[in-house]
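First listed ligand is number 1; within each ligand, the first listed atom is number 1.
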Amino acid sequence: MLKDYEFWFVVGSQFLYGPEVLETVAKRAQEMTDKLNASGNLPCKLVYKATIKTNQEVTDVVREANYDTRCAGVITWCHTFSPSKMWINGFVDLQKPYCHFATQYNRSIPNEEIDMDFMNLNQAAHGDREHGFLAARLRMPRKVIAGFWEDEDVQKRIGSWMRSAVGVMFSRSLKVMRFGDNMREVAVTEGDKVETQIKLGWQVNTWPVGKLVEEMNAVTDAEIEELMATYRAQYDFATDDLETVKYQAREEIAMKKMMDAEGCRAFSNTFQDLYGMKQLPGLASQHLMAQGYGYGGEGDWKVAAMTAILKAMSEGQNGGTAFMEDYTYNLDPDAEYSLGAHMLEVCPSVAAGKPRIEVHPLGIGGREAPARLVFEGHAGKAIVVSLIDMGGRMRLIVQDIEAVKPILPMPNLPVARVMWKAMPDLTTGVECWIAAGGAHHTVLSYDVTAEQMKDWARMMDIEFVHISKDSTPEKIEEQLFINDLAWKLK
Ligand code: MN
C-alpha cells in the first residue's frame, strides 16, 4: 500500500533572477528527488512536480494534488526567495498533508566561489522564512523538517513523516466492520461515530452476527484445510484438539470474506454477542491482525481503527503492532512493570518467538474453549496509543514504553502477554495516563513513534497528549487544562 502513494516535491522560486537560475533550480530539484528516492530512506516515491513562480502555478498544483488519489502529500522547499503571497490561494485549498522541508542544495558555504549570484540562487535561509510565515499565518497543519537533504537522519525524518501522511490517507478511507455493539455499560470504548467520520474519515458500521454465522456455515472443508496449512507453517500446535482450531479457521475465513467484500480493514466484536457461534474468535482474530486488519475487543471500534492505521503506517517494518490491554501490575520497587494481554486477541506480530496454538476455557461468555495463540512479546522501545472521545473532540494519548522479556514465565496464564515499563516510571506514568483519561485498550507498536502519532494527530486536527520520560503529573494536568480551554475556543 505504501507503494501506491507518492509525494510531490514543489519548489519555490520567482522570475526575478532570470531563466538561467530557474533552469538550475529545476535541474537541482530533480537531482535531489532522484537521490532521495535512491537513498532507500523514503517509504514512498517522491515526485518533483514544479518550480513555482506564479500564483496560478501554486493553485494548479494544489488542485491536482487534491484530486490525485496517489498523492499523499506535498513537500515544499524554497531554493531561492519565493514571495509567499502568491502561495496563498493555493495553500488555502490544500487538502493533502503538508511538509515544509527547510534545506539547501549545498552543504557548505563556498569560501572562494560565494558572490551575489551565488547568494541569489542559494537563499533557502531567506526563502524558507518567508514561506514559513505564510503557513504560520494560515495556521496550516504542517511538519517542518530542517537539515541537509543528503544526511541520512534528515532523509529518515522525511520518510517517517511520509508514513504519518499515509496514515492520514488510510484513515480518510477506512471502513470498520462491527459485529455486535459496545460491551454493556463500558464508557471509554464508546464514541461519536458521526463526529469521528467528519474528523477522521472512518466509516464505522455494523453487520449482524447472524450474517457472520451464515458465512461461517458456507465455508468449505477445502478452505479450512488450506488455512490450517498456513497455521501449521507459522505456529506450533500445542493442542491435539484440531476441531477447535478448525473452528477458528472457519471464523477467520468468514470474517475475512465479509470484510473484503465491504472493503473493511478493521473489525470489532464482543463476547457478549456471539449468537450462533461456538467460540469467541481468538486465533482467528490474531491471524487477521497479523495480516494487517485492525481489531478491537468488546466492541471497541476506535482501537480497532487505530490498530489498522498504525499497521498501515508501519507497513514493511518488523517490530510489530498489536491491539493491547493493560491488565495487571508488578509493583515490586526494583521491578515495576505493566503486564499487558487480552482475553485472547493479541497480534502475533509482536511475538519474541514462534507462537503456540493452545486451547483453554475462557471463563466468561459461556461458549466453548477457544483456540488462541500464546506467546511472549519481545523486548524493545515502543509506544501505547489510545484514542478517546472527550465529547465534542477526540484526544489521542501516546505513552512511551520500554518492553522487556516478561520477568516471570507465568506458566498458567493461557494468553499472549507483553511486559513493559511505562515512562517516566510505572506509577508516575499511570498517574499521567489516568489523568489524561487513557483507555485500558491501546495499540502497542514497536515501529510507530510518538512523533509520527503527533504528526498524524496534527494533520487530523485532534488533541494530542504525549507521556514521555520528561512527563510529570503536574505538567500533564496543566497541559490538559490548557488544551481544554483551547479546544473549546477552536
Ligand atoms: Mn478488552
Note to self: Would Q291 and E252 count as a side chain to side chain donor-acceptor pair (under 3.5 Å) here? Give the steps.
What the structure shows: CA-CA 11 Å; Q291 295 163 72; E252 176 180 336; 3.0 Å; yes
Next item on the list: Around the Mn ion (ligand 1), list the protein N/O/S atoms within a radius below 2.8 Å, excluding water molecules.
Entry: E298 OE1, E325 OE1, H342 NE2, H441 NE2
Notebook entry, point to check: Side-chain donor-acceptor pair under 3.5 Å between N41 and Q155, yes or no?
Noted result: yes
Margin query: I need the minimum non-hydrogen distance between S386 and W433, along with the two atoms involved.
Written below: CB-CZ2, 3.5 Å
Item checked: All ring-ring contact (aromatic ring centres under 6.0 Å, His included) counterparts of Y293, not counting sequence neighbours -> none
Margin query: Using the ring-ring contact (aromatic ring centres under 6.0 Å, His included) criterion, which residues pair with Y98? Sequence neighbours excluded.
Written below: F91
Check: Which residue pairs satisfy the salt bridge (Lys or Arg N to Asp or Glu O under 4.0 Å) criterion with at least one member in residues 387-400, sequence neighbours excluded?
Finding: R393-E463, R393-D484, R395-E463
